[in-house]
Amino acid sequence: KSLGDQIVAHLKKDGFEVCQQIRANPEWQGVKVVMLTAKGGDTEVTKGLALGADAYVTKPFSTKDLVAQVRDVSEKSLIRAASFRHAQAQRYKEEGNLQVAVSEYRGAARAYGDYLKRYPHSRDAYELTYKYADCLYNALEFDGAARVYAAVRDDPSGDKFEAEAALSSVISWEGEVTRLQRAGLL
């Protein structure tokens, strides 16, 4: 069975046991667990986190706090997934396994893109947008890379990548022109 990527459930069972069952199943390793319980002692919190809960919220709680915890878990999960795939892609590229590298760059680009759609105002959005463009370029998606690099270049929230993004945008457009020429479309 597929559990999705997040579960919020009110269980009439032992939450520690449920958390252990989720963590013990290799197919469910990516599922994020936020424990919501009346058991708020230090021992219970420590136990819940040690068993693999990604967050632990005690009753009474505010809906705002619960939503913030779930959002934080989701945000961190998307960043970890994108960063992991990006690092894998770079490793495959260094090893000369370019076909696999391109595939991993596509996956990383999707993950960065998903993150930026969900969290456009993140404090890390500027840097992650640059990484997104890098992944698009290395996934041979030159048109998209050029546009995202240009957005980084023109972004008023930062200038760390401004010069590199400007040059990379031009290089990406050149890549797109070459691709179109090879396809006989220019």
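All values below were derived from every heavy atom in this structure, side-chain atoms included, with hydrogens, water molecules and symmetry-related copies excluded.
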Could you work out, with side chain to side chain contact (heavy atoms under 4.5 Å, CB included) as the rule, every residue matching [X], not counting sequence neighbours?
{"X": "Arg85", "result": "Glu104, Ala108, Arg110"}
{"X": "Ser83", "result": "Ile79, Tyr112"}
{"X": "Lys160", "result": "Tyr126"}
{"X": "Leu116", "result": "Ala125, Leu128, Thr129, Tyr132"}

- Nearest-0.5 Å distance, CG of residue Leu78 to NZ of residue Lys32: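 Answer rounded to 0.5 Å: 9.5 Å.
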- To the nearest 0.5 Å, tell me how far Ser77 OG sits from Asp54 CG.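 The OG atom of Ser77 sits 8.0 Å away from the CG atom of Asp54.
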What pairs with [X] under side chain to side chain donor-acceptor pair (under 3.5 Å), at least two apart in sequence or on another chain?
{"X": "Thr43", "value": "none"}
{"X": "Glu162", "value": "none"}
{"X": "Arg80", "value": "none"}
{"X": "Ser122", "value": "Tyr115"}

- Query: Who are the salt bridge (Lys or Arg N to Asp or Glu O under 4.0 Å) partners of Lys76, not counting sequence neighbours?
  - Reply: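 Expected list: Asp72.
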- Under the salt bridge (charged side-chain N to carboxylate O under 4.0 Å, His left out) rule, what pairs show up with a residue in residues 163-177, not counting sequence neighbours? Glu176-Arg179
- Sorted by first residue and then second, give each salt bridge (charged side-chain N to carboxylate O under 4.0 Å, His left out) pair with at least one member in residues 124-147; sequence neighbours left out. Arg106-Glu141, Glu127-Lys131, Asp143-Arg147
Do you know the tightest heavy-atom contact between [X] and [Y]?
{"X": "Met35", "Y": "Gly48", "value": "SD-CA, 3.8 Å"}
{"X": "Ser169", "Y": "Ala146", "value": "OG-O, 3.1 Å"}
{"X": "Leu136", "Y": "Ala109", "value": "CD2-CB, 3.8 Å"}

Treat each ILVMFWY residue as a node, draw an edge where side-chain heavy atoms are under 4.5 Å apart, and state whether [X] and [Y] are in one component.
{"X": "Val31", "Y": "Leu51", "result": "yes"}
{"X": "Trp28", "Y": "Leu49", "result": "yes"}
{"X": "Val170", "Y": "Tyr137", "result": "no"}
{"X": "Val102", "Y": "Ile171", "result": "yes"}
{"X": "Tyr56", "Y": "Ile22", "result": "yes"}

Is any side-chain heavy atom of [X] closer than 4.5 Å to a side-chain heavy atom of [Y]?
{"X": "Trp173", "Y": "Phe142", "result": "no"}
{"X": "Glu44", "Y": "Phe16", "result": "yes"}
{"X": "Val57", "Y": "Asp65", "result": "no"}

- Assess whether side-chain contact (heavy atoms from CB on, under 4.5 Å) is satisfied between Arg23 and Val33, documenting all intermediate values. CA-CA 9 Å; Arg23 292 297 177 238; Val33 177; 3.6 Å; yes
- Message: Atom CD of residue position Glu95 - does it have more than 12 heavy atoms of other residues, nucleotides or ligands inside 6.0 Å?
- Response: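 Above 12, so yes.
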- Item | Whether over 12 other heavy atoms sit under 6.0 Å from Phe61 CZ | yes
- Could you list the residues that satisfy ring-ring contact (aromatic ring centres under 6.0 Å, His included) with Tyr130, not counting sequence neighbours?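 Counting only residues at least two positions away or on another chain, Tyr130 forms a ring-ring contact (aromatic ring centres under 6.0 Å, His included) with Tyr149, Phe161.
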- How are the rings of Tyr105 and His86 set to each other: parallel, tilted or perpendicular (split at 30° and 60°)?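 Answer is perpendicular, since the angle exceeds 60°.
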